[in-house]
Student: 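Pasting a structure here, questions to come.
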Protein chains: 2
Amino acid sequence: MVTIKEVAKKANVAVSTASYALNGIKKVSPETKEKVLQAARELNYRKNGFASDLKRNSTKTLALILSDLSGPFYSELIRGVQDVATDHGYDLIACSAIGGENSTAAKFLTEHRVDGCIVLAHNITDEMLKNVAHHHFPIILLDREIEIDSTVHVRVSNKRGGFKATEYLIQNGHTDIAFVSGPSNSYDNKMRFAGYQEALQAYNIEPQNKWVVSGNFTREGGESAANILAAQDQGPTAVFFANDEMAVGGMEAFQKRGISIPNDISIIGFDDILEAKYVNPKLTTIRQPKYEMGASATHLIFQMLKNEKVNPIFELHTDLIIRESVKKL
Amino acid sequence: MVTIKEVAKKANVAVSTASYALNGIKKVSPETKEKVLQAARELNYRKNGFASDLKRNSTKTLALILSDLSGPFYSELIRGVQDVATDHGYDLIACSAIGGENSTAAKFLTEHRVDGCIVLAHNITDEMLKNVAHHHFPIILLDREIEIDSTVHVRVSNKRGGFKATEYLIQNGHTDIAFVSGPSNSYDNKMRFAGYQEALQAYNIEPQNKWVVSGNFTREGGESAANILAAQDQGPTAVFFANDEMAVGGMEAFQKRGISIPNDISIIGFDDILEAKYVNPKLTTIRQPKYEMGASATHLIFQMLKNEKVNPIFELHTDLIIRESVKKL
DNA sequence: TCATGATATCGAAACGTTTCACTATAAATG
DNA sequence: CATTTATAGTGAAACGTTTCGATATCATGA
């Protein structure tokens, strides 16, 4: 491994001069600069990033912590993060939280390996975040409930979104509305369900326990939830799936049983994933501003890095996207 | 930022002792160890990862370099990488090559910030890889052509796959077979096309230029390619899309024009993406062993890190997955 | 009792940078 | 000409760890 010392020696200058030259600092004359760069080229010098980060005490890198690198995840959200980070001249890496305490995520979270983190991972414990959060290390939390000092939440108005979805079904004449829920430890899911309940109540519709079934936010979960609903003798006329992934699975399952959408049953989802407009019929859903979530989160990090005070909660709103999967009764 | 020095002072030991204690090295008595850990806990000490990497001269992390973090990309491949890396006690980070020379990827590639790299990104130039490759820094290349010393390629037998796909159509009685190609700078695409041509020749079918159209590996590209083909007065009876993404778009476009699959036209894809079995009709395609690609790539890295000699090319094979989108004529 | 070895601890050097405080030279000022 | 100022370059300290070699303590057994 060739170091800056060797470059300096080859160029016949002090290592400080070499460093200035390599970093393009004006203090050095054009000739010596060229001499140094030439030497570096000849030796194929590559700087050691750690050494430099260590000295500079800053990495100019942000980490995006995901439950699992191998997705599926919101690519638009990532694009939002990426764009803003790049704008600020920062690098972005993504790492996985699989393995909890021993995960890569944990390593990056605890060992000062980045200047800030965006956490979108259920498998990082609140405990761990508490231990690691402090004023000089900005952490942005997505889809979480707990309050931690010096930590910021970016959220979407899930409850209002759940309300809107349900209300839309009601306005189309439905009263027998099922809810297919995600994992019970998801904050998003909890809020969407709350919105559903609130809408039923607002319109004086009696909630039916048999119509809330669990689907775990996965396509397969959606399928089995649909099967459960379809098997009931007194089934619902509309289903609100707590995310699109489940809705897509559910539609598939209904159709396989010869149940037509939206003629026999209406479907609404949540998220507006890419696929939503490619399924048949196209899925009516609640859109989350995913790009904006990523971008806002990242903006917040930079504000925190500049020691500006920021509001501990940042909420974005949702939109109803009307397509073809809901029929007026 | 509390350092190991402060921990040592608080525990009344030398910093070396503190280091031994914190790293769980036997040399230190149980009592002092506890004393140190206690002090560390009280001070909320977090080690500085760089300093430690710098000294140890190893990071125990691998980087996966992707064209764009915000996908779409092969999650199974990533899972393969992840699993093997974890098995070896290594961490994995993903970074984006957007921005070329100034990308995060470039930074990780050049600045010794990881112990090895897997590159799945067209936007990293061959030039750059050449500059950075050397014996102590394992780099595995996916979907690339160039030969660089001390660099290893993991490939899939794209050509045989392209051959198989085309042959399957031929065996089903098709002779008028279109090819929808990906970007011309993709090695994968080039080989799949070569397989297509070879199969036509093997069965004495005259290739038709008007039936090879370009779709850029994207869904939209697939749609427009399908539209071009559908507009021809003498259209093909079967289409081989060079990847599934395009095939899905193409199917949508055909169906929108009232052309039924597979009754009016047969479709075959390449990749076997998750969606392939969810579209209607289910897509017949060539499966790439994506998990195995990731896993093999990572295994190769570890062999290289152990200074074992490895073959510069590692090829995996493809399988024909028969579903519903091809009809026997 | 005295050498022997094991055990626990310590001090200091090292990893490869960056940057501060300085010096030497040359140019500019009055 | 004497003095200031700007410029180009240097040496050394520092960043926070790990680890080598040395030392001190103490029990062991001949």
Side-chain angles (χ1 to χ4, degrees), chain A residues 1-40 43-61 107-108 110-115 134 136-137, chain B residues 1-40 43-61 107-108 110-115 134 136-137:
Chain A
M1 221 84 321
V2 21
T3 75
I4 198 173
K5 270 186 204 157
E6 307 173 44
V7 174
K9 187 188 285 178
K10 175 149 198 161
N12 266 314
V13 297
V15 347
S16 43
T17 310
S19 175
Y20 289 134
L22 289 165
N23 287 301
I25 291 177
K26 53 271 159 181
K27 294 186 72 167
V28 55
S29 77
E31 304 88 59
T32 21
K33 176 168 179 179
E34 187 43 48
K35 230 175 20 177
V36 171
L37 295 183
Q38 178 61 25
L43 295 175
N44 197 243
Y45 165 74
R46 308 277 154 198
K47 92 157 150 192
N48 183 317
F50 299 136
S52 133
D53 286 349
L54 174 59
K55 193 75 235 278
R56 292 209 157 115
N57 201 22
S58 136
T59 65
K60 290 252 179 194
T61 315
K107 181 161 151 185
F108 276 80
T110 58
E111 297 185 357
H112 304 308
R113 293 185 123 91
V114 286
D115 293 353
H134 63 272
H136 302 296
F137 187 52
Chain B
M1 220 81 325
V2 21
T3 76
I4 198 174
K5 269 185 205 159
E6 307 172 44
V7 174
K9 186 187 285 176
K10 174 147 199 165
N12 266 312
V13 297
V15 348
S16 43
T17 308
S19 174
Y20 289 134
L22 290 165
N23 287 301
I25 291 178
K26 54 269 159 185
K27 298 182 71 167
V28 55
S29 78
E31 305 87 60
T32 21
K33 178 169 179 179
E34 187 40 50
K35 229 173 24 176
V36 171
L37 295 184
Q38 178 62 26
L43 295 174
N44 197 245
Y45 166 72
R46 307 279 153 196
K47 92 157 151 192
N48 182 316
F50 299 136
S52 143
D53 286 349
L54 175 59
K55 193 76 233 284
R56 292 211 158 111
N57 201 21
S58 135
T59 65
K60 291 252 179 193
T61 23
K107 180 163 152 184
F108 277 80
T110 58
E111 296 184 358
H112 306 307
R113 294 185 123 92
V114 286
D115 293 354
H134 64 273
H136 302 295
F137 187 51

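Numbered from 1 within each chain, the chains take letters A, B, ... in sequence-line order.
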Student: Identify every side-chain donor-acceptor pair in residues 27-38 of chain B under 3.5 Å, counting partners at least two apart or on other chains, and give the distances.
Tutor:
| unit_1 | atom_1 | unit_2 | atom_2 | d |
| --- | --- | --- | --- | --- |
| Ser29(B) | OG | Thr32(B) | N | 3.3 |
| Ser29(B) | OG | Thr32(B) | OG1 | 2.5 |
| Thr32(B) | OG1 | Ser29(B) | O | 3.1 |
| Glu34(B) | OE2 | Arg41(B) | NH2 | 3.3 |
| Gln38(B) | OE1 | Arg41(B) | NH1 | 2.7 |
| Gln38(B) | NE2 | Glu42(B) | OE2 | 2.7 |

Student: What is the minimum heavy-atom distance between Gly49(B) and Arg113(A), and which atoms define it?
Tutor: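 Looks like CA-NH1, 3.4 Å.
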
Student: Counting only non-hydrogen atoms, which of residues 47-55 of chain A are less than 4.0 Å from DNA chain D?
Tutor: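 Here the set is Leu54(A), Lys55(A).
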
Student: Rounded to 10°, tell me the angle between the two end axes of the helix from dT1(C)-dA30(D) to dG30(C)-dC1(D), each built from five pairs.
Tutor: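 That helix has its two terminal axes inclined by roughly 50°.
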
Student: I need the minimum non-hydrogen distance between Arg46(A) and His112(B), along with the two atoms involved.
Tutor: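 Closest heavy-atom pair between Arg46(A) and His112(B): O-NE2, 3.5 Å.
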
Student: Show every donor-acceptor pair shorter than 3.5 Å between a side-chain atom in residues 17-26 of chain B and any protein atom, with sequence neighbours excluded, or say none if there are none.
Tutor:
| unit_1 | atom_1 | unit_2 | atom_2 | d |
| --- | --- | --- | --- | --- |
| Ser19(B) | OG | Asn23(B) | ND2 | 3.4 |
| Asn23(B) | ND2 | Ser19(B) | O | 3.0 |

Student: Does anyone know the first and last nucleotide of DNA chain C in reach of chain A, 5' to 3', at under 4.0 angstrom to a heavy atom?
Tutor: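 The contacted stretch runs from dG16(C) to dA21(C).
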
Student: Between Asn57(B) and Tyr20(B), name the one whose nearest nucleotide on DNA chain C is closer to the 5' end.
Tutor: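 Here Tyr20(B) is the residue nearer the 5' end.
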
Student: For residues 2-9 of chain A, which side-chain N or O atoms pair as donor and acceptor with protein atoms under 3.5 Å away, sequence neighbours left out?
Tutor:
| unit_1 | atom_1 | unit_2 | atom_2 | d |
| --- | --- | --- | --- | --- |
| Thr3(A) | OG1 | Lys5(A) | N | 3.2 |
| Glu6(A) | OE2 | Thr3(A) | N | 3.3 |

Student: Please list, in numerical order, the residues of residues 29-40 of chain A that have a heavy atom closer than 4.0 Å to any atom of DNA chain D.
Tutor: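 Only Ser29(A), Thr32(A) qualify.
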
Student: Between atom CG of Asn57(B) and atom OG of Ser52(B), what is the distance when rounded to the nearest 0.5 Å?
Tutor: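 Answer rounded to 0.5 Å: 11.0 Å.
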
Student: Got a sec? Which of residues 8-18 of chain A come in under 4.0 Å of DNA chain C, heavy atoms?
Tutor: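 Nucleic-acid contacts, sorted: Val15(A), Ser16(A).
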
Student: With sequence neighbours left out, write down each residue that passes ring-ring contact (aromatic ring centres under 6.0 Å, His included) with Phe50(A), or none if nothing qualifies.
Tutor: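 Residues passing ring-ring contact (aromatic ring centres under 6.0 Å, His included) with Phe50(A): Phe50(B).
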
Student: Would you check if there is a donor-acceptor pair between the side chains of Lys107(B) and Thr61(A) at a distance under 3.5 Å?
Tutor: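 Yes, side-chain donor-acceptor contact under 3.5 Å.
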
Student: Just how far is it from atom OG1 of Thr59(A) to atom CG of Asp115(A), taken to the nearest 0.5 Å?
Tutor: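 If we round to the nearest 0.5 Å, Thr59(A):OG1 and Asp115(A):CG are 3.0 Å apart.
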
